[in-house]
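All remarks here apply to the structure that follows.
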Amino acid sequence: MAQRRIGLIMHGVTGRMGTNQHLVRSIAAIRRDGGVLLRNGDRLMPDPILVGRNREKLEALAKANGVERVSTDLESALRNPDDEIFFDAGTTQMRAELIRRAIAAGKHIYTEKPTADNLEDALDVARLARRAGVKNGAVQDKLFLPGLVKLKMAIDSGFFGRILSVRGEFGYWVFEGDLQPTQRPSWNYKKDEGGGIILDMLCHWRYVLDNIFGETKAVSCLGATHIPTRYDEKGEAYQADADDAAYATFELEGGIVAQINSSWTTRVRRDDLVTFHVDGTHGSAVAGLMKCWTQSRVNTPKPVWSPDTPQTINFFEGWEEVPDTQNYPNGFRAQWELFLRHVAGELPTFKWDLLAAAKGVQLAEAGLKSWAERRWIDLPKLEA
């Protein structure tokens, strides 16, 4: 058994998502466990260099996670032939240009979503990567959630019969910053900094819908900025002009209708911060982040509508939890390991590529257009 080094340029990992999910729970965890095990018994060991603007933050983050290299000079990092992969978890507005520079430097690309704040740039980087022959991928972490893995297993087993509809509820109350500190950065609520829940979450819903239920064909979306005044990291009030809620309906292939509400202005009274309720001719399911419950046709209760008498049926009974059938790793780590194996030549294809990511940007852009024009928007097929 041999250890093989693979060099990573990790840009923008001082932010919440980059630090927690990509560095601490993915790359640092892989390193602590001895690398990614390949089929031939070798271990693929990621060797990251953390790149950003604030050296002090980078050095503290590197020290805490056993990383030896940091830099504030991205161009120098891109010139190093010993680092094969460029990863970005920085701001959305900078991402497309950073990816272009990394492709020009011959790097393989792995990146957070959205890959751009507009479809033209998202398609451009996907086409550049294809022409350059570099391997590329984008984060689609929710496909690896235990609840959705169990839901997909139920679909693949034929449990639902013909799927009729999907109803998703995502979100929680994000404090404005005056009564309690906010849980999200202020740029999320500023349009000129790439904020807005439509751009953020419809990219997620595109790959969830496409990979689990069926290709997304059209969207009707209404956005809202429910809370116009918020407080930034310094405690200063600012005007929030980006959408903090989105109410969307999607038409999927096979006649499936999906409805997903996304909100940073809702208080949770459901099983999880995100739930998907799926109805089919032979059964239904409700999936959250970790758990999935099913109810078959023969176990479905038969209520009768009567507004004049108390409801006698406890509708939470009669559902059966899908058991854990495997160990479910962190979704970000699981996808990182697949991409590293892809770059190492062990996986010939990686379906969650920059073109797949562009579909998410397409849906977000269509959602914003639908809101502005108050109409359904069709989604033509994209090609790199």
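For reference, positions follow the sequence shown, starting with 1.
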Quiz prompt | Donor-acceptor contact present, side-chain N65 to main-chain L61, <3.5 Å | solution = yes
Quiz item: Could D200 and K113 be called an ion pair, given the rule that one side-chain N must be under 4.0 Å from one carboxylate O?
Solution: yes
Quiz item: Regarding K190 and the six-membered ring of Y238, is the cationic atom NZ or CZ under 6.0 Å from the ring centre and inside 45° of its axis?
Solution: yes
Quiz item: Does R95 use its side chain to pair, donor to acceptor, with the backbone of G90 at less than 3.5 Å?
Solution: yes
Exercise. Go through the side-chain N and O atoms of Q21 and N330 and say whether any donor and acceptor fall under 3.5 Å apart.
Key: yes
Quiz item: Is there a donor in the side chain of D88 and an acceptor in the side chain of T111, or the other way round, less than 3.5 Å apart?
Solution: no
Quiz item: Where do T249 and W376 land on the side-chain contact (heavy atoms from CB on, under 4.5 Å) test, with the steps shown first?
Solution: CA-CA 9 Å; T249 303; W376 278 88; 3.8 Å; yes
Quiz item: When you look at NZ of K142, are more than 12 heavy atoms from neighbouring residues, nucleotides or ligands closer to it than 6.0 Å?
Solution: yes
Quiz item: Just wondering, do S186 and E233 contact through their side chains at under 4.5 Å, heavy atoms?
Solution: yes
Quiz item: Could you give the distance from CG (N261) to OH (Y247), rounded to the nearest 0.5 Å?
Solution: 6.5 Å
Practice problem: Test V174 against T265 for side-chain contact (heavy atoms from CB on, under 4.5 Å), laying out the working first. | Solution: CA-CA 6 Å; V174 178; T265 59; over 6 Å; no
Quiz item: Under 6.0 Å from the CZ atom of R297, do we count more than 12 heavy atoms belonging to anything else shown?
Solution: no
Exercise. Count the heavy atoms of every other residue, nucleotide or ligand shown that sit under 6.0 Å from CZ of R374, and state whether that count exceeds 12.
Key: no
Quiz item: With a 3.5 Å cut-off and no angle check, do the side chains of H22 and E112 form a donor-acceptor pair?
Solution: yes
Quiz item: Any donor and acceptor pair, going by atom type alone, linking the side chain of N54 with main-chain N or O of E56 inside 3.5 Å?
Solution: yes
Exercise. Just do the ring pair (Phe, Tyr, Trp, His ring centres under 6.0 Å) check on F144 and W336 with the steps written out, would you?
Key: CA-CA 11 Å; F144 299 86; W336 258 112; over 10 Å; no
Self-check item: Test: E236 and K234 ion pair at under 4.0 Å
Solution: no
Distance-only criterion, 3.5 Å: show the donor-acceptor pairs between side-chain atoms of residues 97-105 and protein atoms not counting sequence neighbours.
unit_1: E97; atom_1: OE1; unit_2: R100; atom_2: NH1; d: 3.3
unit_1: R100; atom_1: NE; unit_2: D124; atom_2: OD2; d: 2.8
unit_1: R100; atom_1: NH2; unit_2: D121; atom_2: OD1; d: 2.7
unit_1: R100; atom_1: NH2; unit_2: D124; atom_2: OD2; d: 3.2
unit_1: R101; atom_1: NE; unit_2: E75; atom_2: OE2; d: 2.9
unit_1: R101; atom_1: NH2; unit_2: E75; atom_2: OE2; d: 2.4

Quiz item: What do you reckon, is CD of E320 surrounded by more than 12 foreign heavy atoms closer than 6.0 Å?
Solution: no
Self-check item: Expected output: side-chain S26 to main-chain R333 donor-acceptor under 3.5 Å
Solution: yes
Exercise. Answer yes if L355 and W352 sit in the same cluster of Ile, Leu, Val, Met, Phe, Trp and Tyr residues linked by side chain heavy atoms under 4.5 Å apart, and no otherwise.
Key: no
Quiz item: Does some side-chain heavy atom of R69 sit less than 4.5 Å from a side-chain heavy atom of D83?
Solution: yes
Self-check item: Neighbour count above 12 (heavy atom, 6.0 Å) for E68 CD
Solution: no
Exercise. Considering only NZ, NE, NH1 and NH2 on the basic side and carboxylate oxygens on the acidic side, decide whether K107 and E84 come within less than 4.0 Å.
Key: no
Exercise. State plainly whether one hydrophobic cluster holds both M94 and L123, where clusters connect Ile, Leu, Val, Met, Phe, Trp and Tyr through side-chain heavy atoms under 4.5 angstrom apart.
Key: no
Quiz item: Does the distance from a Lys or Arg side-chain N to an Asp or Glu carboxylate O, for D47 and R5, drop under 4.0 Å?
Solution: yes
Self-check item: Interatomic spacing from CZ in R341 to CG in L37 - rounded to 0.5 Å
Solution: 8.5 Å
Quiz item: Any donor and acceptor pair, going by atom type alone, linking the side chain of Q183 with main-chain N or O of W173 inside 3.5 Å?
Solution: yes
Quiz prompt | Side chains of N299 and S296, donor plus acceptor under 3.5 Å | solution = yes
Practice problem: Please check if atom CZ in F316 has more than 12 non-hydrogen atoms from other residues, nucleotides or ligands closer than 6.0 Å. | Solution: no
Exercise. Measure the acute angle between the ring planes of Y172 and F170, then classify it against the limits of 30° and 60° as parallel, tilted or perpendicular.
Key: perpendicular
Exercise. Using modelled atom types only, decide if a donor and an acceptor are shared between the side chain of S370 and the backbone of C221 within a distance under 3.5 Å.
Key: yes
Quiz item: Can you hop from L340 to L38 via hydrophobic side chains spaced under 4.5 Å?
Solution: yes
Quiz item: Within a strict 4.5 Å, meaning less than it, do heavy atoms of the I212 and L143 side chains meet?
Solution: yes
Self-check item: S165 side chain to Q259 side chain, donor-acceptor N/O pair below 3.5 angstrom
Solution: no
Practice problem: Could you verify whether a donor N or O on one side chain and an acceptor N or O on the other, from T92 and D117, lie under 3.5 Å apart? | Solution: no
Practice problem: Could you tell me whether a side-chain N or O of R31 sits under 3.5 Å from a main-chain N or O of M45, the two making a donor and an acceptor? | Solution: no
Quiz item: Are T91 and E193 linked by a side-chain donor-acceptor pair shorter than 3.5 Å?
Solution: no
Self-check item: Donor-acceptor under 3.5 Å (R55 side chain, L58 main chain)
Solution: no
Exercise. May I ask you to test the K291-V286 pair for a side-chain heavy-atom distance under 4.5 Å?
Key: no
Atom pairs and distances, donor-acceptor, side-chain atoms in residues 377-384, under 3.5 Å, two or more places apart:
none

Exercise. Taking the six-membered ring for Trp and the single ring otherwise, decide whether the centroids of H11 and F87 are under 6.0 Å apart.
Key: no
Practice problem: Working to the nearest 0.5 Å, report the span between CG of L23 and CE of M17. | Solution: 13.5 Å
Self-check item: Trace of the salt bridge (charged side-chain N to carboxylate O under 4.0 Å, His left out) decision for E215 with R206
Solution: CA-CA 8 Å; E215 188 79 14; R206 180 66 191 266; 3.1 Å; yes
Practice problem: Verify the cluster assignment for L151 and L252: are they in a single hydrophobic cluster under the rule of side-chain heavy atoms below 4.5 Å apart? | Solution: yes
Self-check item: Distance-minimising heavy-atom pair for P114 and L199
Solution: CG-O, 3.5 Å
Show which side-chain atoms of residues 152-162 pair as donor or acceptor with protein atoms under 3.5 Å away, not counting sequence neighbours.
unit_1: K152; atom_1: NZ; unit_2: D156; atom_2: OD1; d: 2.9
unit_1: K152; atom_1: NZ; unit_2: D156; atom_2: OD2; d: 3.1
unit_1: S157; atom_1: OG; unit_2: A154; atom_2: O; d: 2.7
unit_1: S157; atom_1: OG; unit_2: F159; atom_2: N; d: 3.3

Quiz item: About how many Å separate CG of L209 and CD of E251, when rounded to the nearest 0.5 Å?
Solution: 12.5 Å
Quiz item: Is K369 paired with E365 through a side-chain N to carboxylate O contact shorter than 4.0 Å?
Solution: no
Quiz prompt | Same apolar cluster: L44 and I27, side chain cutoff 4.5 Å | solution = yes
Exercise. Hey, can you tell me if F350 and Y110 have their rings parallel, tilted or perpendicular (30° and 60° cut-offs)?
Key: perpendicular
Exercise. Please confirm whether the backbone N or O of L164 pairs with a side-chain atom of D279, one donor and one acceptor, at under 3.5 Å?
Key: no
Quiz item: For the rings on W264 and Y189, is their centre-to-centre separation under 6.0 Å?
Solution: yes
Quiz item: If you take all heavy atoms of A366 and V219, which pair is closest and at what distance?
Solution: CB-CG1, 3.7 Å
Quiz item: How far apart are the closest heavy atoms of K150 and C292, and which atoms are they?
Solution: CB-CB, 3.8 Å
Quiz item: Judged by atom type as modelled, is there a donor-acceptor pair below 3.5 Å linking the side chain of D243 to the main-chain atoms of G223?
Solution: no
Quiz item: Do F276 and W205 make the cut of ring centroids closer than 6.0 angstrom?
Solution: yes
Self-check item: OG1 on T275 to CG on L289, rounded to 0.5 Å
Solution: 9.5 Å
